[in-house]
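Everything quoted here is computed from the prediction, not taken from an experiment. First the proteins, then the strands, lettered A, B, ... as listed; each starts at 1.
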2 protein chains.
Amino acid sequence: MRRTGDLKLIQELNRFIILDTIRQFGPISRSDIAKKQGISPTTVTSAVNELIRDGMVAEDGTGESKGGRKPIMVRFCPDGKFLIGVSITNTAITIAEMNLEAATKQKKIYPVKAGLVSDLIIQYVLDSIEDFLQSVDDVSRCLGISIIAPGIVDAASGVIRFNSKLRLHDVPLKDMAEERFGLKTWLDNDANAIALAEKNFGGGLNADNLLFVTVGEGVGSGLVVNGSIFRGSRGGAGEFGHTTVDRSGMRCDCGNVGCLENYVAWPAIYSGLLSAVTRGKETLVMDLADGDMTRITFDVFRQALHQGDQVCQDIVDEIASYLSIGIVNLVNLFNPSLIILGGEMIRDNQVLFERIQKQVMAQAMGTMVEGLEFRPTVLGADFEVKAAAAVLLQDVFHFSL
Amino acid sequence: MRRTGDLKLIQELNRFIILDTIRQFGPISRSDIAKKQGISPTTVTSAVNELIRDGMVAEDGTGESKGGRKPIMVRFCPDGKFLIGVSITNTAITIAEMNLEAATKQKKIYPVKAGLVSDLIIQYVLDSIEDFLQSVDDVSRCLGISIIAPGIVDAASGVIRFNSKLRLHDVPLKDMAEERFGLKTWLDNDANAIALAEKNFGGGLNADNLLFVTVGEGVGSGLVVNGSIFRGSRGGAGEFGHTTVDRSGMRCDCGNVGCLENYVAWPAIYSGLLSAVTRGKETLVMDLADGDMTRITFDVFRQALHQGDQVCQDIVDEIASYLSIGIVNLVNLFNPSLIILGGEMIRDNQVLFERIQKQVMAQAMGTMVEGLEFRPTVLGADFEVKAAAAVLLQDVFHFSL
DNA sequence: TTTATTTTTCCAATGACTTTATAAAGTGAT
DNA sequence: ATCACTTTATAAAGTCATTGGAAAAATAAA
């Protein structure tokens with residue numbers, strides 16, 4: 001049943017607008033809030049008083065008089081409430097307590113042992129959250145738990161629909177968490193959440209349509225459309241890694257041919273390096289890995305590249321070429337105003353970054369690249385839990401810091 | 001400035017919910033509306049009476065008693081208000097007066113002479129609307145004018161940003177029309193509008209994410225995401241025709257390589273037929289065109305195909321192959337639940353339709369094709385103005401008939 | 001000191017909603 | 001046929017978040 005209009009609705013809406021105004025423009029006086037938003041001073045006063053009672057806002061001294069009584073400034077109190085962010089990956093469960101600005105107050109990492117999959121990993125996630133909640137005081141001020149996970153996630157119903165590595169299939173994690181902890185819970189896809197966090201906390205404020213592309217072990221993408229995460233019909237959108245870029249390319253596990261992931265993700269790079277080595281090509285990677293090919297990692301690759309290794313440079317050229325085709329397709333379809341590149345492959349790889357940027361700007365349609373910007377990720381170490389926080393804050397407050 | 005909450009807002013919302021309920025479930029009694037939507041009977045009564053005064057709703061006899069007083073049924077009156085739909089194409093301006101169910105009451109077609117471009121075509125559009133408005137009575141019951149046009153259109157600001165054939169660049173058509181006619185005006189891209197109309201009037205009701213693909217003179221696509229049109233950052237989204245499907249393909253005018261449009265749109269087909277003829281291949285098309293290659297049209301091609309012409313069959317195979325790659329990419333990115341195929345190339349071409357369907361279902365990712373449906377267009381002859389109506393009705397009433 | 005101005009708050013009025021009550025019009029058992 | 005009960009529609013009264021106007025508080029400028 002649709003939400004109908006009643007007095008509670010308009011109050012919620014106005015409280016929300018007023019809080020957002022304080023957050024964005026604070027410290028600010030009650031009078032200025034009223035003027036800025038076209039709400040009567042009376043309403044602002046009562047709303048602000050309530051927000052002060054809730055601990056979300058506090059008075060903050062007096063401002064400069066403009067010819068009369070000095071204004072009493074009010075400011076946003078990000079520590080008035082908090083939330084729990086949870087990130088599930090193949091290697092670790094990261095859990096953090098964060099305030100309303102997604103600043104971490106405490107964080108714990110629960111390692112995932114190899115082979116911990118299916119029901120067991122879900123139990124481990126829930127047990128880890130329970131453990132974490134021990135160290136949290138005043139649960140009444142907790143807005144809820146936000147969980148992000150790789151794979152195909154149906155955010156609306158809170159179900160992990162599919163994750164091949166963790167062997168998850170239709171896991172109603174949101175309901176499970178809500179029942180166990182009695183806290184409202186959100187669940188979303190990791191790349192989408194990171195894209196949202198990049199927009200809201202990472203300086204993508206002016207970009208209503210933002211594309212996040214990550215290249216590492218695999219290829220992922222997250223899409224923010226009109227300010228909120230774009231999800232497909234049942235959450236399964238943005239499988240950028242499995243878009244065809246070469247119709248005469250190699251067959252992929254997914255059933256298609258010429259999938260992007262097969263050309264630019266680490267497994268492809270690794271096998272490219274091996275084949276170069278076996279063909280006797282001169283490359284620094286084997287030296288840097290002490291002759292042990294199992295020790296060829298991203299870092300080794302990056303190091304060789306920085307030292308001018310030709311094999312690595314050729315590989316980067318090829319990655320840039322394939323990735324650019326994929327990104328051009330996305331640009332022509334979505335017309336984003338900001339593209340953020342992340343992941344191990346692009347980190348500390350200025351050459352690749354610039355090559356992609358140049359090629360996309362040249363090949364995408366003219367009207368699409370006007371004003372199109374490229375940026376590396378800026379979220380830093382806590383990006384996973386920040387991403388989780390972004391999902392919750394967007395839903396509760398439409399926050400974009 | 002954001003809209004703030006006031007009493008008017010809740011009234012508008014409730015009126016809207018009540019009207020929508022009557023439209024969807026009518027004839028229905030006031031009491032049933034109240035129960036269905038959780039609004040008090042009193043509110044429903046006063047809202048319905050107002051809607052009756054506005055001519056949007058009428059009483060419609062009495063229903064069966066369920067043990068008490070007989071209910072007075074009310075029903076939706078689609079003719080209570082009307083709207084003007086305008087479609088701009090390279091060959092004609094089509095204008096229609098339609099009711100709230102997008103049923104045409106009158107329609108005129110204003111032919112566009114070749115070479116009528118730039119400012120002149122815009123003047124011609126406005127003059128045509130003025131002419132059409134002469135034959136409309138009671139402008140006070142007109143909701144407004146909705147215009148759809150090909151090219152890159154910024155719906156939010158009402159500007160045609162770019163149209164190469166009509167030589168339009170940053171034309172603020174919405175403002176021009178509003179100023180001249182004093183009627184609220186909408187402006188949107190044609191393919192997007194058609195996609196929305198297919199969803200709202202064409203039986204795509206259950207599909208919140210719908211993809212519309214048209215193949216004819218060019219390749220176009222429209223995308224409905226979460227029930228409303230997906231537009232890029234400044235309206236320029238869905239340039240499906242210029243997504244790369246073959247990285248080693250031919251260079252396109254747009255600056256990219258291997259663009260879909262170069263393989264599946266009519267100009268490509270036409271030159272393919274010509275080259276077959278000049279190479280002396282046996283084909284029916286020349287016979288059907290009376291030996292005059294300028295008379296080779298879609299119809300000729302279709303006819304030859306239906307008569308089992310091998311050259312045409314091979315071409316259809318190739319179109320299906322390329323188009324499927326493009327659509328698979330879209331499916332993997334957007335995860336739509338319904339794909340609607342339209343345009344001259346697909347009309348009356350069951351073979352192509354089925355081949356695309358089969359190939360996409362086989363090559364797209366497994367989780368994406370679960371429940372994915374394919375359908376041909378169902379809008380019929382007035383599809384252009386119906387599409388325009390869909391844009392307006394969606395914005396004013398969120399209507400989906 | 002007086003006056004004007006700005007900020008904040010109190011209070012009554014507004015208006016759209018809900019609840020409660022009432023009337024109208026029916027069903028069905030006695 | 002009568003009476004008890006339902007269902008539908010509307011009228012009257014009550015609720016509550018808003019607004020506008022007035023008052024109070026605090027300050028600058030004359």
Sequence neighbours excluded and cut-off under 3.5 Å, please list the side-chain donor-acceptor pairs for residues 136-144 of chain A, or say none.
unit_1	atom_1	unit_2	atom_2	d
D138(A)	OD1	S140(A)	OG	2.6
D138(A)	OD2	R141(A)	NE	3.0
R141(A)	NH1	G80(A)	O	3.3

Item checked: Residue T42(A), side-chain heavy atoms: nucleotide from dG20(D), dC17(C), dT18(D) that is nearest -> dG20(D)
Is there a side-chain polar atom (N or O) of [X] under 4.0 Å from OP1 or OP2 of [N]?
X      : N       : answer
N14(A) : dA17(D) : no
K8(B)  : dG15(C) : no
R30(A) : dT6(C)  : no

Answer with base, sugar-phosphate or nothing: what part of the nucleic acid does [X] contact at a heavy-atom distance below 4.0 Å?
X      : result
P41(B) : base
S46(B) : nothing
T45(B) : base

Margin query: In whole Å, I'd like the distance from the CD1 atom of I17(A) to the P atom of dA17(D).
Written below: 16 Å
Next item on the list: Can you measure from CE (M98(B)) to CG (L393(B)) and round to the nearest 0.5 angstrom?
Entry: 8.0 Å
Next item on the list: Could you grab the distance from atom CD of E178(A) to atom CZ of F181(A), nearest 0.5 Å is fine?
Entry: 11.5 Å
Could you list all N or O pairs between the protein and nucleotides 1-7 of chain D that sit under 3.5 Å apart?
unit_1	atom_1	unit_2	atom_2	d
dT6(D)	O2	G67(B)	O	3.0
dT7(D)	O2	R69(B)	N	2.7

Notebook entry, point to check: Given that I72(A) and T4(A) both sit by DNA chain C, which one's nearest nucleotide is further toward the 5' end?
Noted result: I72(A)
Item checked: Residue whose nearest DNA chain C nucleotide is more 5′ - L7(A) or P71(A) -> P71(A)
Check: Any donor-acceptor pair under 3.5 Å linking the side chain of Q394(A) with the backbone of G227(A)?
Finding: yes
Next item on the list: Would you confirm whether T4(A), through its side chain, and R2(A), through its main-chain N or O, come within 3.5 Å as a donor-acceptor pair?
Entry: no
Margin query: Would D54(A) and K81(A) count as a salt bridge (Lys or Arg N to Asp or Glu O under 4.0 Å) here? Give the steps.
Written below: CA-CA 9 Å; D54(A) 281 1; K81(A) 300 205 182 279; 5.1 Å; no
